[in-house]
K.L.:
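Shown below is the structure under consideration.
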Protein chains: 2
Amino acid sequence: MKRKITLKQIARELEVSISTVSKALKDSDEISKDTKQKVKAFAKLYNYRPNTIALSLKNRKTKNIGVVIPDIVHHFFTTVFRGIEKYANEHGYNVVVCVSDESYEKEVFNMELLANGSIDGFIMSVSAETQQKNDFSHLKEVMEQGFPLVLFDRVIDEINCDKVVMNDERIAYDATAKMLAEGKKKIALVTTESYFNVSEKRAEGYKRALLDHGAEYDKDLTLVLPFKGIEESYIETFVENQNFDGVLCVNEIFAVLFMAATQKKGLRVPEDVSVIGFTDGLLSRYSTPTLTTVAQHGERMGERAAEMLIEKLENEIGFDEEEVYRTEIIEATLIERGSTINK
Amino acid sequence: MKRKITLKQIARELEVSISTVSKALKDSDEISKDTKQKVKAFAKLYNYRPNTIALSLKNRKTKNIGVVIPDIVHHFFTTVFRGIEKYANEHGYNVVVCVSDESYEKEVFNMELLANGSIDGFIMSVSAETQQKNDFSHLKEVMEQGFPLVLFDRVIDEINCDKVVMNDERIAYDATAKMLAEGKKKIALVTTESYFNVSEKRAEGYKRALLDHGAEYDKDLTLVLPFKGIEESYIETFVENQNFDGVLCVNEIFAVLFMAATQKKGLRVPEDVSVIGFTDGLLSRYSTPTLTTVAQHGERMGERAAEMLIEKLENEIGFDEEEVYRTEIIEATLIERGSTINK
DNA sequence: TATCAACACGAAACCGTTTTCGTAGTTTTC
DNA sequence: GAAAACTACGAAAACGGTTTCGTGTTGATA
């Protein structure tokens with residue numbers, strides 16, 4: 001086991017002081033040309049790299065950012081993560097990920113762990129349980145400790161920090177309006193239980209579109225599915241008993257299940273029923289017909305979140321300068337595919 | 001910005017030495033009961049937590065493990081990562097992820113970065129480009145530096161380290177045999193270019209099953225698709241021109257595309273054509289019909305990889321003890337769904 | 001020749017811990 | 001009453017860097 005070489009060893013070997021080696025490697029003009037060359041040559045030969053941990057301790061910066069997400073086996077979060085990792089890496093940061101698994105306790109635990117020196121700032125999307133409990137003291141805590149925090153997607157209004165969100169309400173409006181424009185009259189909504197503020201916003205956009213276009217909002221046309229353990233039968237029962245000619249689903253799994261159920265019933269997509277989902281994942285791209293869906297541009301969200309965080313990290317805020325927080329809206333776009341009638 | 005409290009501050013506040021504080025918090029019996037209580041109370045009040053970075057420097061252990069994978073927006077890698085993260089977290093380790101994006105250069109760069117003190121060991125799956133170039137000096141390098149390394153899925157024979165793999169050959173054999181047992185005669189194979197050793201092994205299993213069961217191996221029934229930018233037309237052309245009644249696809253995207261193409265041609269799945277894919281992702285679960293597929297148990301692979309790595313990390317190898325490397329095989333299983341004829 | 005700046009380098013502090021070792025002060029022992 | 005043995009604590013080194021501040025040696029200047 002060949003230990004990595006340190007300044008101390010180089011210094012001893014070359015019979016100079018540690019400071020000299022350090023300065024020589026930094027091309028300080030305190031050091032003579034001769035010595036610099038000697039040191040650099042030696043360092044290169046032994047492939048010297050400064051120890052990250054020592055630097056972290058000295059600089060009180062780890063160059064690590066902590067990402068806390070509810071789930072990783074999930075297309076949206078994965079793409080956001082991709083964006084974060086990409087941007088971070090390009091800017092000299094590493095990313096340490098903790099998965100809260102939708103659990104409040106794990107979320108708190110992980111954040112405390114990371115806050116003990118492992119990272120310089122947080123990017124996160126809160127867990128379902130946290131949203132339900134409505135307890136955000138752990139977020140306040142890390143902010144008070146001076147950690148910059150960027151929330152994305154599942155954000156918390158009462159926490160004052162940088163945020164990256166999607167215009168859920170508007171895109172749901174647009175999606176609904178699109179189906180109305182196709183001539184559809186009875187548009188259903190398939191959503192999750194309401195403690196997810198994103199689902200709620202989508203529902204609002206859906207309603208507003210109906211009312212704006214003179215369609216009536218029928219409560220019976222909204223199907224609320226549980227967060228975990230979706231039973232296909234819920235959907236099939238709904239499809240069996242309700243009359244509709246379009247549907248907006250808050251994710252692609254619901255969309256593809258709904259589509260399958262309507263087809264099974266003998267209805268054609270999109271001729272008889274238009275279907276629009278959220279999340280442009282594999283399901284949307286490879287279903288039959290392909291799904292018209294809302295692309296959330298997760299990667300861009302991740303990039304922006306990372307950008308905002310790193311900006312905060314690098315621009316040490318002046319003393320008594322007022323901290324200013326931004327909320328960035330990433331515009332979702334509707335991708336038209338085979339499950340709607342497109343011109 | 002409230003800095004986290006340090007031993008030094010507690011010491012000053014309580015008018016004792018730093019050593020005393022440190023020992024008191026560790027319940028050392030060098031310290032009197034009184035002092036211990038005083039210190040502990042104060043520490044609890046100010047919510048003292050030892051600084052991770054300082055500990056890392058002191059102990060030369062970061063309690064971080066580095067994960068380098070080719071892609072994160074990919075069901076299989078995501079599940080493996082999930083397993084790693086889960087096991088690591090349960091055992092007091094954090095995970096820092098770097099995505100190589102299938103690029104040799106990024107892979108090398110990221111590993112060098114991580115090797116400068118950020119992590120204690122690596123878990124990785126090599127990039128496509130690395131496999132093509134057949135250059136593994138960066139892996140040898142980190143091993144020589146004393147970092148334990150666990151490879152999974154895309155492993156390298158010439159690198160001597162712990163490995164976690166799937167029995168690709170055998171499960172491909174089983175999948176093919178299953179279709180033959182259904183009475184299918186002409187089984188096609190849809191695979192990727194061959195520098196992926198996993199694809200190669202799957203192809204071998206496929207061939208062996210054909211020969212073992214007295215079916216003939218027809219080269220024309222193998223469709224090789226490029227790694228990036230699959231054109232649907234490649235598949236459609238193949239489906240149009242070849243005669244087959246079963247197909248084994250090396251991933252679920254190929255499987256679902258193939259299924260769509262055969263259905264479009266008017267063939268029924270599974271009556272006319274049986275389809276089996278690899279990867280038990282959303283596509284397999286929600287396609288119509290649902291896909292019979294090979295479950296790779298990525299999560300278990302990740303857990304095992306993490307377990308192997310952490311075991312190496314914690315059991316400092318005795319001096320001159322011979323290092324022993326293991327290759328663990330995670331048994332894949334065939335999940336029977338609607339795209340094959342099951343009894 | 002005394003003075004001074006420039007040059008080239010080293011000592012030491014610091015980041016926050018842990019841990020070894022030394023040592024006052026007290027108690028026990030004979 | 002002196003030596004031995006505890007007790008309870010502190011000083012200092014170490015992990016691997018960076019950086020400030022000296023300082024000894026030159027050569028130039030007055």
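Keep in mind that what you see is a predicted model, and the values were worked out from it rather than measured. Throughout, a chain's letter reflects where its sequence line sits, starting with A, and its residues are numbered from 1.
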K.L.:
When you check the gap from the basic side-chain N to the acidic O, do Lys133(B) and Glu102(B) get nearer than 4.0 Å?
P.N.:
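No, Lys133(B) and Glu102(B) are not salt-bridged.
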
K.L.:
Using whole Å, what does the distance between atom P of nucleotide dT18(C) and atom CD1 of Ile53(B) come to?
P.N.:
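Those two atoms, CD1 and P, are 14 Å apart.
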
K.L.:
So with a 6.0 Å cut-off around CD of Glu105(B), is the heavy-atom count from everything else above 12?
P.N.:
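Counting other residues, nucleotides and ligands, CD of Glu105(B) stays at 12 neighbours or fewer.
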
K.L.:
Set out, in order, the CA-CA distance, both residues' side-chain angles and the distance that settles side-chain contact (heavy atoms from CB on, under 4.5 Å) for Lys4(A) and Gln145(B), then state yes or no.
P.N.:
CA-CA 7 Å; Lys4(A) 297 217 84 178; Gln145(B) 286 178 25; 3.4 Å; yes

K.L.:
Which is more 5' along DNA chain D, the nucleotide nearest Ala54(A) or the one nearest Lys33(B)? Just name the residue.
P.N.:
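First, find each residue's nearest nucleotide; the 5'-ward one identifies Lys33(B).
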
K.L.:
OP1 or OP2 of dG16(D) less than 4.0 angstrom from a side-chain nitrogen or oxygen of Arg49(A), does that happen here?
P.N.:
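No, Arg49(A) has no side-chain N/O under 4.0 Å of OP1/OP2 on dG16(D).
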
K.L.:
Calculate the interatomic distance between Gln37(A) atom CD and dA8(C) atom C1'; express it in whole Å.
P.N.:
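Distance check: Gln37(A) CD to dA8(C) C1' gives 16 Å.
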
K.L.:
Taking NZ from Lys23(A) and P from dA11(C), how many angstroms apart are they, rounded to a whole number?
P.N.:
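Taking NZ of Lys23(A) and P of dA11(C), I get 11 Å after rounding.
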
K.L.:
Mind checking if Ser56(B) touches a base, just sugar-phosphate, or nothing, with heavy atoms under 4.0 Å?
P.N.:
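If one applies the 4.0 Å heavy-atom cut-off, Ser56(B) turns out to touch nothing in the nucleic acid.
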
K.L.:
Would you indicate, yes or no, if dT7(D) has its OP1 or OP2 atom less than 4.0 angstrom from a side-chain nitrogen or oxygen of Ser32(B)?
P.N.:
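Result: no.
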
K.L.:
Main chain of Lys63(A), side chain of Asp120(A): is a donor-acceptor contact present, judged purely on distance under 3.5 Å?
P.N.:
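Answer holds: yes.
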
K.L.:
Please state how far atom NZ in Lys58(A) lies from atom C1' in dA12(C), giving the value in whole angstrom units.
P.N.:
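Nearest whole value for this atom pair: 11 Å.
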
K.L.:
Taking the side chain from Asn94(A) and the backbone from Asn64(A), do they hold a donor-acceptor pair closer than 3.5 Å?
P.N.:
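No: the side chain of Asn94(A) does not pair with the backbone of Asn64(A).
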
K.L.:
Under 3.5 Å, is there a donor-acceptor pair between the side chain of Ser100(A) and the main chain of Lys106(A)?
P.N.:
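Answer holds: no.
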
K.L.:
Quick check on dT18(C): is either OP1 or OP2 less than 4.0 Å from any side-chain nitrogen or oxygen of Lys26(B)?
P.N.:
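Result: yes.
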
K.L.:
Please give, in whole Å, the distance from dA11(D) C1' to Lys8(B) NZ?
P.N.:
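Atom NZ in Lys8(B) sits about 14 Å away from atom C1' in dA11(D).
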
K.L.:
Between Ser137(A) and Asp135(A), is any side-chain donor less than 3.5 angstrom from a side-chain acceptor?
P.N.:
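Yes.
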
K.L.:
Side chain of Lys36(B), backbone of Ser28(B): donor and acceptor closer than 3.5 Å?
P.N.:
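Judged by distance alone, yes, a pair lies under 3.5 Å.
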
K.L.:
Between the base of dA8(D) and the side chain of Thr20(B), is there a donor-acceptor distance below 3.5 Å?
P.N.:
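Between dA8(D) and Thr20(B), which were checked side chain against base, a qualifying N/O pair under 3.5 Å is absent.
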
K.L.:
Check whether any side-chain nitrogen or oxygen of Arg60(B) sits under 4.0 Å from OP1 or OP2 of dG16(D), and answer yes or no.
P.N.:
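Answer yes for this pair, as a side-chain N or O of Arg60(B) is under 4.0 Å from OP1 or OP2.
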
K.L.:
Without swapping roles, check the side chain of Glu30(B) against the backbone of Lys23(B) for a donor-acceptor pair under 3.5 Å.
P.N.:
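Looks like no, no N/O pair under 3.5 Å.
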
K.L.:
Are any of Thr6(B)'s side-chain N or O atoms less than 4.0 Å away from OP1 or OP2 of dC15(C)?
P.N.:
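Result: no.
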
K.L.:
In this structure, how many angstroms lie between the C1' atom of dG10(D) and the CG atom of Leu14(B), rounded?
P.N.:
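Distance, rounded to whole Å: 15 Å.
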
K.L.:
Tell me if the side-chain of Thr35(B) makes a donor-acceptor pair with the base of dA8(D), cut-off 3.5 Å, by modelled atom types.
P.N.:
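Such a pair does not exist between side chain and base.
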
K.L.:
Is there a side-chain polar atom (N or O) of Ser22(A) under 4.0 Å from OP1 or OP2 of dT18(D)?
P.N.:
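True: Ser22(A) side-chain N/O within range (under 4.0 Å) of dT18(D) OP1/OP2.
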
K.L.:
So, Phe42(B) versus Tyr46(B), ring centres under 6.0 angstrom or not?
P.N.:
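Between Phe42(B) and Tyr46(B), the centre distance is under 6.0 Å.
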
K.L.:
Could you give the CG-to-P distance, from Asn59(B) to dG16(D), as a whole number of Å?
P.N.:
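My rounded result for the distance is 12 Å.
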
K.L.:
What is the distance from CD of Glu30(A) to C1' of dA11(C), rounded to the nearest Å?
P.N.:
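So the CD-C1' distance, Glu30(A) to dA11(C), works out to 13 Å.
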
K.L.:
Which part of the nucleic acid, if any, lies within reach of Leu55(A) when heavy atoms closer than 4.0 Å are counted: base, sugar-phosphate only, or nothing?
P.N.:
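Sugar-phosphate contact only - Leu55(A) comes under 4.0 Å of backbone atoms but never of a base.
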
K.L.:
Under 3.5 Å for both pairing distances: what stems, at least three Watson-Crick or G-U pairs long, include DNA chain C?
P.N.:
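When the pairs of DNA chain C are grouped into runs of at least three, the stems are C:1-30 with D:1-30.
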
K.L.:
Below 3.5 Å between N/O atoms, which protein atoms pair up with nucleotides 24-28 of chain D? Just atom names and distances, please.
P.N.:
none

K.L.:
OP1 or OP2 of dG16(C) versus the side-chain N and O atoms of Tyr48(B): is any pair under 4.0 Å?
P.N.:
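Answer no for this pair, as no side-chain N or O of Tyr48(B) is under 4.0 Å from OP1 or OP2.
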
